[in-house]
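To start, the structure under review is shown below, and the notes come after it.
Keep in mind the model is a prediction, meaning the values are calculated, not measured.
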There are 2 protein chains.
Amino acid sequence: MQRVAKSEETRSLIVTTAMRLFTENGYDRTTMRAIAAEAGVSVGNAYYYFSSKEQLIQGFYDEMAGQHLAAARALLDGRPGFADRLKAVLLCWLDVAEPYHRFGTQFFVNAADPESPLSPFSDDSSAAREASIGLMREVVDGSDVKLDPELRDRLPELLWLYQMGVVLFWVHDRSAGTKRTRMLVERSVPLLARLASLSRLRVFRPVSREIVDLIQELGKRD
Amino acid sequence: MQRVAKSEETRSLIVTTAMRLFTENGYDRTTMRAIAAEAGVSVGNAYYYFSSKEQLIQGFYDEMAGQHLAAARALLDGRPGFADRLKAVLLCWLDVAEPYHRFGTQFFVNAADPESPLSPFSDDSSAAREASIGLMREVVDGSDVKLDPELRDRLPELLWLYQMGVVLFWVHDRSAGTKRTRMLVERSVPLLARLASLSRLRVFRPVSREIVDLIQELGKRD
DNA sequence: CAGCCCTCTTGAACACGTTCAAAAAGCGGG
DNA sequence: CCCGCTTTTTGAACGTGTTCAAGAGGGCTG
């Protein structure tokens, strides 16, 4: 089934070329004809390997996720504070993503389509999603934060959702070096950490439980 | 400048026809040629009034916003509870939007593009955005909720953001009658109300202040 | 009325993503 | 070496959003 042969080479040649052109000229301004020509294949051949232009982005997405995971894990080592860990992971994502910000915009637009397999909520993305949530679990578990135990279980998913929010902000961020997004992270992370530890307070407990419950309920697929 | 003449009729004829076809067949499957033909004008003429297919959605957007504003205001009358008011406004939006859910998906995809004038965060949308935030202000001001006064000023914006989140969820909601979104509203609104009143507690105060501050900071344009 | 200008209208043409029937290239067995 | 079979490759053709040069209409001025 999976022969690593000539065909695989062609496949990755196409995706590499596409990525280069996308980052050079943006997604919209890069035509399939240009990608094919640059990769030295015919247009139809590109469509033999990738069912659409959009699908070419998937490779890009995977690569970024891989880079982030590796870099973030390295940063987590020997960092006990919850806020510290979370901030490191998020800023690390911003660093990894920085070169692609211009192009990332277009990427995100496609990803926002619920029908698209590229959507972070789609079934096709579940592997990548699980990996990201797993990273957030490492952030929580490796830290010294004290939490309502029920919240502890669900917190990684919540943090992933929070990260999606940060990404959404980043996509809209036009400031130099996306420094507005960096500020958002710098300032919202301590807030979240504070809220998380407040979760153990008596007055806060019912609210926290209700949140956990709601997330659980919404997590169920239709 | 603004002559209400033949030209205005043509304009609204086109947008009406487009809306009908969009809801009948979906956005993607409706071609500009079909819209023009159905409206009895040439393709080029349609482009004289609307600079793109995407822009035809704007009319739709405005109409929905208007409907929602009117219906929501009626619901707010004689309803003092904050949670009650907020829930009414959101459920009302879901009712107004229901018939367009299928098509709304596509609508949202376009709106997610930060470059697009349709983005809820864009300058072009500022009027509609202000109106929506204004409605949220009515929700807050007309209620008997007790709040940290600084939070009170900023809460409408926060609620608008929250509403955008609900819309995002709604777009991805594939359940019958979008009942998952309804559940989200039913359950998250009381939570928010509780959090809002907790804002007056001493332990919570610094967090609340920090949130208000952050929002203020982020509100500044680049 | 003639000339002029501005608004509005047209449809052919263009660029792009995508499809598809057909050909080419590889490959295993006789 | 040839024959079928699958995998890969091709480029012309299609449908779509969008553009544009050209013209039609209609009112105002001399």
How many whole angstroms separate atom [atom1] of [X] from atom [atom2] of [N]?
X: A/Lys53; N: D/dT16; atom1: NZ; atom2: P; answer: 19 Å
X: B/Tyr49; N: D/dT18; atom1: OH; atom2: P; answer: 18 Å
X: B/Ile14; N: C/dC8; atom1: CD1; atom2: P; answer: 11 Å
X: A/Arg11; N: D/dT7; atom1: CZ; atom2: P; answer: 15 Å

For the side chain of [X], starting at C-beta, report the closest nucleotide among [options].
X: A/Asn45; options: C/dC8, D/dT9, D/dT18; result: D/dT9
X: A/Met32; options: C/dG11, C/dT18, D/dG17; result: C/dT18
X: B/Thr31; options: D/dG17, D/dT10, D/dT9; result: D/dG17

Is the NZ or CZ atom of B/Arg11 positioned over B/Phe50's six-membered ring, under 6.0 angstrom from the centre and within 45° of the axis?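 Output yes; distance and angle both within limits.
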Under 6.0 Å from the ring centre and within 45 degrees of the ring axis: does the NZ or CZ of B/Lys53 meet both conditions for the six-membered ring of B/Tyr47?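 No, a cation-pi geometry is absent between B/Lys53 and B/Tyr47.
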With heavy atoms under 4.0 Å as the rule, sort A/Val43 into base, sugar-phosphate or nothing.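 Here A/Val43 touches the bases of the nucleic acid.
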When the nearest nucleotide of DNA chain D is assigned to B/Asp28 and to A/Arg33 on a heavy-atom basis, which residue is associated with the more 5' position?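 Nearest-nucleotide comparison on DNA chain D picks A/Arg33.
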Rounded to the nearest 0.5 Å, what separates atom CG in B/Leu218 from atom OG1 in A/Thr181?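 Going from CG on B/Leu218 over to OG1 on A/Thr181, the span is 9.0 Å.
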Is a donor from one side chain sitting under 3.5 angstrom from an acceptor on the other, for A/Ser119 and A/Ser116? no
Does a nitrogen or oxygen in the side chain of A/Tyr47 sit under 4.0 Å from OP1 or OP2 of C/dC20?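 So the side-chain polar atoms of A/Tyr47 never come under 4.0 Å of the phosphate oxygens OP1 or OP2 of C/dC20.
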Using a cut-off of strictly less than 4.0 Å, decide whether A/Tyr48 has a side-chain nitrogen or oxygen near OP1 or OP2 of D/dT9.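 For D/dT9, neither OP1 nor OP2 has a side-chain N or O of A/Tyr48 closer than 4.0 Å.
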